[in-house]
Protein chains: 2
Amino acid sequence: MAVGSSRIASRTAADGEVTDGLRVDARRNRERILTAAREVFAERGIDAPMATVARRAGVGVATLYRRFPTRDDLVRAAFARQMDLCGRVLAEAVDDPDPWHGFRRLIETVCALQQEERGFPAAFLLAFPDTTQEHTRACEHGERAFATLVRRAQAAGALRPDFHPSDLLVMLLANCGLVAALPGDGAASGRLVAYLLEAFRAEPARGALPPPSAVRLRDFSGPFPKELRREC
Amino acid sequence: MAVGSSRIASRTAADGEVTDGLRVDARRNRERILTAAREVFAERGIDAPMATVARRAGVGVATLYRRFPTRDDLVRAAFARQMDLCGRVLAEAVDDPDPWHGFRRLIETVCALQQEERGFPAAFLLAFPDTTQEHTRACEHGERAFATLVRRAQAAGALRPDFHPSDLLVMLLANCGLVAALPGDGAASGRLVAYLLEAFRAEPARGALPPPSAVRLRDFSGPFPKELRREC
DNA sequence: TGCCAAGTGGACGGAACCATCCACTTCTGG
DNA sequence: CCAGAAGTGGATGGTTCCGTCCACTTGGCA
């Protein structure tokens, strides 16, 4: 996690700056492109052809490329809202008087977002590796905030003492893979999150699990889920 | 899991049949191609260009395509050994007098394989969705075997009663994503497996975890890990 | 040994996508 | 209203990869 509330402000401000110098028609096109990108990314993943986004936006490719010189720029901009949401939830979690509740809500929120918004998991990671000072700072701020949350939850005796902040990333990446393999199967992601939250608790106790997923190996029909080809 | 020992036999037999009708030079080339494919897949993932495999094997593309008409055929053949290993471990697990030990070993083995052999996670899934009767049967045999293992482990009071066989697939897919995102980071996969095995136990107890991964968000440098682009 | 079926390699056409370039259109300030 | 700066679209060349085709080579059997 590396999104702090500070990021929200700076992101929004930067967005304003980007938009401000634009002619009104250009600004309108920019919005159209972002809307189209969100739709197309949701349908076909963040590797959908740029031309598809442009067509959907009713705009030429050149316009798209001028506004967003690289695909990454487009992805970042398209998922800025979700990133902000993550930042807000992290901030809330740190302020939560019950640190475990905050911890739990943070994890559940981000994992649900990964589940619901196709393309977001990739965008999530994409948002950080940025050479700009601003991003590096936001990244570190987020990490510090999460580390604080972890320490508080451990001090409260709710989170196991050997939980390491990097475990969050491990969990998010795992969930990312799961979601990629089973788009739309909320049950699978829900199960993973429930299991891991139990494992993260200091007081080992078995609670009720959400219903299991209905996946079976044979459900991987046809040649192969393209989403998984590249990765493994 | 859908690999039974029956599969090993049939696979090997089928392989023999495939090979038997071949002229000696063709058989040699087939082996060369498989060796090259293993190397190339390990280096560049299972979506590496077919031409690269062919070149590495010192063979023309036509030869490759005649022997393995589709990429999936090649992938399946290249990872047949690992699939067999999975089948053997499943068979051993079912026969293990301590069902939890078998269950644990099965999971750890497959996850370690996913971690160590790039391309294998994809191949693993790829091996199943097959329209042939043989594969469907092998698949069902494996599922039955694993279900038996689960039941026995639950009866022994080691595995939590609400564990569902589909959770295995959930776990493997999650690990698959993790491994894809962090190739070479055994610690991350180890942590995930340790957490989940704890969560799967009937008797909740906190054991020692393997050391945490050193991943940090900022480690996702450069544009973006290509392995993850497609998937999310 | 010689025939020919089996096997082979690489050229080739086609598809998908990227990202640039440039002639044309549209805003906007004076 | 009009000049020119800002913005635009789509044609275009380039790259990568796929998968087939066909003229040539090679192994094995009579």
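Predicted model, so just to flag it, every value in this text is computed and none were measured.
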Interatomic distance, B/Leu113 atom CG to B/Asn175 atom CG [nearest 0.5 angstrom]: 10.5 Å

Side-chain N or O of B/Thr63 closer than 4.0 Å to phosphate OP1/OP2 of C/dG7: no

Length of the CG-C1' vector between B/Leu64 and D/dT20, whole Å: 14 Å

Residue B/Tyr65, side-chain atoms from C-beta onward, closest of C/dG7, D/dG19, D/dG28: D/dG19

Between D/dT8 (C1') and A/Arg32 (CZ): distance, integer Å: 12 Å

A/Phe200 and A/Phe103 aromatic ring geometry - parallel, tilted or perpendicular at 30°/60° bounds: perpendicular

A/Arg56 with A/Glu43: basic N within carboxylate O range, under 4.0 Å: yes

A/Asp185 and A/Ser213: side chain donor to acceptor below 3.5 Å: yes

Spacing of B/Asp73 atom CG relative to D/dG19 atom C1', expressed in whole Å: 14 Å

Value in whole Å for how far the P atom of D/dT16 lies from CE of B/Met50: 19 Å

B/Asp25 vs A/Pro69, nearer the 5' end of DNA chain C by closest nucleotide: B/Asp25

Residues in side chain to side chain donor-acceptor pair (under 3.5 Å) contact with A/Arg104, at least two apart in sequence or another chain: A/Glu108

Rounded interatomic separation in angstrom, taking CD1 from B/Ile33 and P from C/dG7: 12 Å

Interatomic distance where CZ belongs to A/Phe68 and C1' belongs to D/dT8 [whole Å]: 16 Å

Spacing of A/Arg71 atom CZ relative to C/dC18 atom C1', expressed in whole Å: 9 Å

C/dT26 base / A/Arg23 side chain donor-acceptor hit below 3.5 Å: yes

Any B/Asn29 side-chain N or O less than 4.0 Å from OP1/OP2 of C/dT8: yes

Separation of atom CZ in B/Arg28 from atom C1' in C/dG9, rounded to whole Å: 15 Å

Sugar-phosphate, base or nothing in reach of A/Arg67, heavy atoms under 4.0 Å: sugar-phosphate

Contact nearer the 5' end of DNA chain C, comparing A/Val61 with B/Arg66: B/Arg66

Out of D/dG9, D/dT20, C/dC17, whichever nucleotide has its closest atom nearest the side chain of A/Ala62: D/dG9

